[in-house]
Amino acid sequence: MDDVEREKELAGNLKRVRNRIAEAVRMAGRSEEPELIVVTKYFPASDVRLLAGMGVSEFGENRDQEAGPKAAELEDLNPTWHFIGQLQGNKAKSVVRYARAVQSVDRQSLVSSLARAMENEQLRRASVGQSSRERLDCYLQVNLDPHNDEAPQGSGRGGARPEDLQGLADVVAQSPWLVLAGVMAVAPVRDDAAAAFDRLRGISDNLTLSYPSATAISAGMSADLEQAVAAGATHLRIGSDVLGARATVR
Ligand SMILES: *Cc1c(COP(=O)(O)O)cnc(C)c1O
């Protein structure tokens with residue numbers, strides 16, 4: 001497929017997704033549309049460039065090995081990158097060089113790694129005469145699957161247990177380098193997405209009692225964006241319905 005054809009395909013897909021979001025917002029009686037994050041994992045930097053030309057400014061990636069080089073290739077575009085995959089502490093240093101947000105914060109040791117990485121990143125920037133960067137938005141990833149504490153690795157279905165969130169929120173909020181943005185979740189495979197996202201909404205409401213500005217709710221993928229919008233999602237993470245089917249399951 002050449003670039004012109006690909007551009008047409010992406011534009012058509014994007015339009016259908018935007019229409020679905022608008023319709024879901026209307027059905028839910030909401031006044032504001034959630035933010036669309038297009039998940040570009042598996043797809044080349046050239047697709048990100050085409051989508052940016054269509055007005056998309058927020059992108060999601062789930063592996064540093066892939067996202068790092070892609071972000072470097074797109075430095076001139078400077079899109080907003082959301083890191084949405086399971087993250088090892090030793091990758092924090094690389095991720096904070098390009099990511100504006102980490103949506104998969106699921107344990108206190110990762111918070112420490114991110115805070116340290118941000119501090120070092122500021123020092124690095126100062127040493128090469130770059131301006132300092134904004135603080136890193138952190139979303140607490142919640143495990144919504146009551147039947148499954150140990151989600152399979154790489155499934156994107158990890159997350160902290162709801163009872164551990166308050167402690168996790170506290171350590172994020174204490175760091176001068178991090179901003180507690182809100183919560184993120186993936187609907188469990190076997191469960192009803194609407195019910196799962198309603199639980200997430202309750203968890204978010206509870207979090208905002210202690211942290212009133214942590215209002216973000218990142219929920220909703222290609223298959224369940226309508227349910228997420230109905231439950232009050234502020235950020236949707238849409239991959240395959242914009243870019244097409246991914247080659248294999250990672
Ligand atoms: C891949 C991925 C998405 C996008 O999923 P689609 O079904 O392709 O829309 C959203 N969130 C996370 C955490 C992902 O890993």
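Along the sequence shown, the residues carry numbers beginning at 1.
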| message | Under a plain distance cut-off of 3.5 Å, with no hydrogens placed, do Asn19 and Arg16 share a side-chain donor-acceptor pair? | response | no

| task | Say whether Asn62 and Tyr42, considering side chains only, have a donor N or O and an acceptor N or O under 3.5 Å apart. | result | no

| query | Should the pair Arg107-Asp164 be classified as a salt bridge under the 4.0 Å nitrogen-to-oxygen rule? | reply | no

| message | Less than 3.5 Å apart, any donor N or O on the side chain of Ser132 or Gln122 sitting next to an acceptor on the other? | response | no

| said: Quick test of your reading of the model: are Arg6 and Asp2 salt-bridged, counting only N-O distances below 4.0 Å? | reply: no

| Do the charged groups of Arg26 and Glu23 touch, with an N to O distance under 4.0 Å? | yes

| request: Just do the side-chain hydrogen bond (donor to acceptor under 3.5 Å, both in side chains) check on Asp170 and Tyr211 with the steps written out, would you? | output: CA-CA 9 Å; Asp170 293 344; Tyr211 297 104; 2.5 Å; yes

| field | Heavy-atom side-chain contact between Phe197 and Gln227 under 4.5 Å | value | yes

| field | Under 3.5 Å side-chain donor-acceptor pair for Arg237 and Ser218 | value | yes

| Side chains of Thr40 and Glu61: do they bring a donor and an acceptor to under 3.5 Å? | yes

| request: Please examine the side chains of Leu87 and Leu114, heavy atoms only from C-beta on, and report whether any two atoms are closer than 4.5 Å. | output: yes

| query | Does Tyr139 have any ring pair (Phe, Tyr, Trp, His ring centres under 6.0 Å) partners at least two apart in sequence or in another chain, and if so, which? | reply | His235

| Given the rule in the side chain to side chain contact (heavy atoms under 4.5 Å, CB included) test, do Leu144 and Asp191 qualify, once you have shown the distances and angles that lead to the verdict? | CA-CA 9 Å; Leu144 290 178; Asp191 215 359; over 6 Å; no

